Amino acid sequence: MKQFLQFLSTTSTNLNSFAVIQKHLNTKTLVSPTVKAMRSKRRFSNSSEPVLPVVENKKDKKLKGLEASPVSKKYIAKESDVNSHSIEIERLRNDPAKMDTLTVEELRKTLRSIKVPAKGRKDDLLSALKSFMDNNDSCELDPQAREEHEKRLLAASENTSMEVTTKKVFDEDPVDDVNDRRLKQSRSAKKTVKVANKKKLSVKSDDVSGCKPSREKRKVSSDIVSVVAQSEEITTAIQTEPWTVFAHKKPQKGWIAYNPRTMRPPPLTQDTKFVKLLSWNVNGLRALLKLEGFSALARREDFDVLCLQETKLQEKDIEQIKQHLVDGYDNSFWTCSVSKLGYSGTSIISRIKPLSVRYGLGVSDHDGEGRLVTAEFDTFYLICGYVPNSGDGLRRLTYRVTEWDASLSNYLKELEKSKPVVLTGDLNCAHEEIDIYNPAGNKRSAGFTDEERQSFATNFLSKGFVDTFRRQHPGVVGYTYWGYRHGGRKTNKGWRLDYFLISESIADKVHDSYIIPDVTGSDHCPIGLILKL
């Protein structure tokens, strides 16, 4: 494909030959988030270089939904009709202003009569008609020349339009149910997204007997190359890096999609001491370990500390789970739900031995679900938290905003009296409209109610804790959760529910607060924080 594009960009391409080549053009790309094995036993990170997603090309597997438009339709017209339509074309050529008064249906009828594809809006139809007339100015085509010319126009038109078939989901509004998040029932339909060159096409007709060349000099081959390249770029992004596709139902001026390949800062120098923290709601750790998700993440990211939420483990599972951990992470601390088995659960896994560890908030009403682990390090406290979901019908909303959030806030402020605090995890709140794909449709959905958002601001942000990602990326749409049920990840219709909140006193020590959206295995993706020491 690349060789083909280079050839077109350096050579004046004959349009007929290009149509034949394009007809057999296929794009074959497939993403596989594989990673190279890498192990490090350093105590603190000495490399903060962003790791890019690994893309694997697989043979014999076509990119679904991408195919060139068919060029197999045959157009047949009677000679008498050709003569009558020639009179109509001459009338329009003598009075160009009349073209603008034609309706869309009349334009399509006229274009079909001269064997020119009649697709698109009125502007597109007018452009096609004017282009035809420019290329046939002051000349009459004999039947054979007309047929050749029509084939050229058809090939040019087909080559400047490629169809990308995507699945559009109507009213996809992620909301919460009893066990997890539920999604409102939606109906899906196939939507054809057409990527087309909006420039007017003009086909050189020097080789058609008796015809003058086009009045306007246009480089058809470069136009086509641009369209093909644009189609491939958009399709590749949708298929391989959907998080780079801007998706928001209520976008504001200046907002852009998060792209870790371009938005992460340069790595710190080797002589800079820092710690690399990761957090991930795994939505069931045992299933993830079967996919070797943890070991792959450890080798790729080379983190110092990993915080996990929603492990869904029981106390009896812990020792067996520890056997699956990567060498070098010898310090792991787990808390499980005892009020409801196989539910919630949090953990801190570290290659740095903490000074102390504690579990829960110290309040019996809050500590039965295994939602909090605190590790004390030399210069800060690290709290791994999984904030309660308000649930189906918002049945736990009052408990969440009046009891849990307030107790957690008081706990953090108490710790902060001796050391700065880093709180991370699934905090189950999309704080601002920029943090959720469909804000209007989720006003009464758990995680985006006014009560939860106000509680988040009151109990954490107004108490001096900094949302590190939002401070670093104020106008960036980056999600950390996508519902399974409607394939939200493929279309980047998600929520930002996972955070690193830190004490204001160490906010200037943050080198990078980032999202790792290409890591799969859960309905959440990991997030990272590089903190200079």
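Heavy atoms only: backbone and side chains are in, while hydrogens, waters and symmetry mates are out. Since the structure is predicted, the reported quantities are computational estimates derived from the model, not experimental observations.
For the pair L372/Y359, no side-chain contact is recorded, criterion being any heavy-atom separation below 4.5 Å from C-beta on. You'll find the side chain of L501 stays beyond 4.5 Å of the side chain of V466, heavy atoms only. Proximity of L408 to L423: side-chain heavy atoms (C-beta onward) are separated by under 4.5 Å at one or more points. Contact annotation: the side chain of V477 approaches that of F246 to within less than 4.5 Å [non-hydrogen atoms, C-beta and beyond]. Within the 4.5 Å cutoff, side-chain heavy atoms of D498 are placed close to those of H524. Contact of the V421 side chain with the F380 side chain is not registered, since no non-hydrogen atoms from C-beta on lie closer than 4.5 Å. Residues R395 and S390 form no side-chain contact, since every pair of their non-hydrogen atoms from C-beta on lies 4.5 Å or further apart. In this structure, I516 and P260 have side chains that are not in contact, with every pair of non-hydrogen atoms separated by 4.5 Å or more.
For the pair D378 and K419, the salt-bridge criterion is not met [side-chain N within less than 4.0 Å of a carboxylate O]. The pair D518-R300 counts as a salt bridge, with a side-chain nitrogen and a carboxylate oxygen less than 4.0 angstrom apart. A salt bridge between R351 and D330 is absent, with no side-chain N of the basic residue lying under 4.0 Å from a carboxylate O of the acidic one. Contact check on E451 versus R444 returns a salt bridge, with a Lys/Arg side-chain nitrogen under 4.0 Å from an Asp/Glu carboxylate oxygen. Salt-bridge formation is detected for the pair K250/E433: a Lys NZ or Arg NE/NH1/NH2 atom is positioned less than 4.0 Å from an Asp or Glu carboxylate oxygen.
Closest of all the heavy-atom pairs between R489 and S522 is NH1-O, 3.0 Å. Of all non-hydrogen atoms in E416 and S503, the two that sit nearest each other are OE2-OG, 2.6 Å. Nearest heavy-atom pair, N459 versus A406, reported as atom, atom and distance to 0.1 Å: OD1-CA, 3.7 Å. In terms of heavy atoms, F456 sits closest to Y499 at CZ-CE2, 3.8 Å. Taking all atoms of both residues into account, the shortest heavy-atom contact from T244 to A257 is O-CB, 3.5 Å. Between P388 and R400, the shortest heavy-atom distance links the atoms O-NH1, 3.3 Å.
With F460 as the aromatic partner, K463 does not meet the cation-pi criteria of under 6.0 angstrom to the ring centre and within 45 degrees of the ring axis. With a 6.0 Å cutoff to the six-membered ring centre and a 45° limit on the axis angle, K413 counts as a cation-pi contact of F465.
In this structure, K509 places its NZ atom where only 12 or fewer heavy-atom neighbours from other residues, nucleotides or ligands lie under 6.0 Å away. Dense packing is recorded around CD of E315, with more than 12 heavy atoms of other residues, nucleotides or ligands lying under 6.0 Å away.
Put simply, the residue from I502, D512, L382 that forms a side-chain contact (heavy atoms from CB on, under 4.5 Å) with L529 is I502.
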Query - salt bridge (charged side-chain N to carboxylate O under 4.0 Å, His left out) between E504 and R471, worked out - result: CA-CA 11 Å; E504 179 69 45; R471 172 172 283 196; 3.4 Å; yes
Query - Verdict with reasoning, T449 to L394, per side-chain contact (heavy atoms from CB on, under 4.5 Å) - result: CA-CA 9 Å; T449 62; L394 303 177; 3.9 Å; yes
Report task. Give the C-alpha distance, both sets of side-chain angles, the deciding distance and a yes or no for side-chain hydrogen bond (donor to acceptor under 3.5 Å, both in side chains) between N492 and W482. Result -> CA-CA 7 Å; N492 199 31; W482 303 265; 3.2 Å; yes
**Report entry** From CA spacing to verdict: side-chain contact (heavy atoms from CB on, under 4.5 Å), I434, Q252
**Finding:** CA-CA 8 Å; I434 193 174; Q252 301 298 312; over 6 Å; no
**Report entry** Worked check of salt bridge (charged side-chain N to carboxylate O under 4.0 Å, His left out) between D467 and R496
**Finding:** CA-CA 12 Å; D467 178 354; R496 187 171 75 98; 2.7 Å; yes
Query - Intermediate values then yes/no, side-chain hydrogen bond (donor to acceptor under 3.5 Å, both in side chains), S513 and Q472 - result: CA-CA 7 Å; S513 181; Q472 183 176 335; 5.0 Å; no
Query raised in the report: What do the steps show when you test I530 against L268 for side-chain contact (heavy atoms from CB on, under 4.5 Å), and what is the final call?
Result: CA-CA 9 Å; I530 297 177; L268 292 169; 4.1 Å; yes
Query raised in the report: Given the rule in the salt bridge (charged side-chain N to carboxylate O under 4.0 Å, His left out) test, do E241 and R261 qualify, once you have shown the distances and angles that lead to the verdict?
Result: CA-CA 10 Å; E241 296 182 337; R261 290 191 297 108; 2.7 Å; yes
Report task. Dump the intermediate steps for salt bridge (charged side-chain N to carboxylate O under 4.0 Å, His left out) on K322 and D317, then the final yes or no. Result -> CA-CA 9 Å; K322 286 183 178 181; D317 302 322; over 6 Å; no
Query raised in the report: Could you go step by step and tell me if K532 and V510 meet the side-chain contact (heavy atoms from CB on, under 4.5 Å) rule?
Result: CA-CA 6 Å; K532 292 181 284 187; V510 173; over 6 Å; no
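Aromatic ring centroids of Y329 and F303 lie under 6.0 Å apart. Ring centroid separation for the pair H248 and Y479 does not come in under the 6.0 Å cut-off. Note: H473 and Y258 meet the aromatic proximity criterion, with ring centroids under 6.0 Å apart.
Taking the six-membered ring for Trp and thresholds of 30 and 60 degrees, W495 and F448 have ring planes more than 60 degrees apart, a perpendicular arrangement.
A donor-acceptor distance shorter than 3.5 angstrom exists from the side chain of T468 to the backbone of F500, with no hydrogens or angles considered. Side-chain atoms of N438 come within 3.5 Å of backbone N or O of G441 as a donor-acceptor pair. When atom types are taken as modelled, the side chain of S350 and the backbone of N331 share no donor-acceptor pair closer than 3.5 angstrom. Checking side-chain atoms of R299 against main-chain N and O of V326 turns up no donor-acceptor pair under 3.5 Å. Panel note: side chain D435, backbone E432; a donor-acceptor pair is recorded below 3.5 Å. Panel note: side chain D523, backbone Y481; no donor-acceptor pair is recorded below 3.5 Å. The backbone N or O of V357 sits nowhere less than 3.5 Å from a side-chain atom of T374 that would complete a donor-acceptor pair. For R470 (side chain) and V476 (main-chain N/O), a donor-acceptor pair under 3.5 Å exists by modelled atom type. Between the side chain of Q309 and the main chain of T346, no donor-acceptor pair closer than 3.5 Å is present.
Counted by atom type alone, T272 and T269 present one or more donor-acceptor pairs between their side chains at under 3.5 Å. Side-chain contact check for D405 and S455: at least one donor-acceptor pair (N or O, by modelled atom type) lies under 3.5 Å. With no hydrogens or angles considered, a side-chain donor-acceptor pair links N281 and E310 at under 3.5 Å. No donor-acceptor contact under 3.5 angstrom links the side chains of S344 and S337, judged on distance only. In summary, the side chains of Y411 and H366 do not present any donor paired with an acceptor at a separation below 3.5 Å, with no hydrogens or angles considered.
In this structure, I436 CD1 and K249 NZ are separated by 11.0 Å, a value rounded to the nearest 0.5 Å. For the atom pair I515 CD1 and N259 CG, the distance stands at 11.5 Å (nearest 0.5 Å). Here I318 contributes atom CD1 and S332 contributes atom OG; the two are 8.0 Å apart, rounded to the nearest 0.5 Å.
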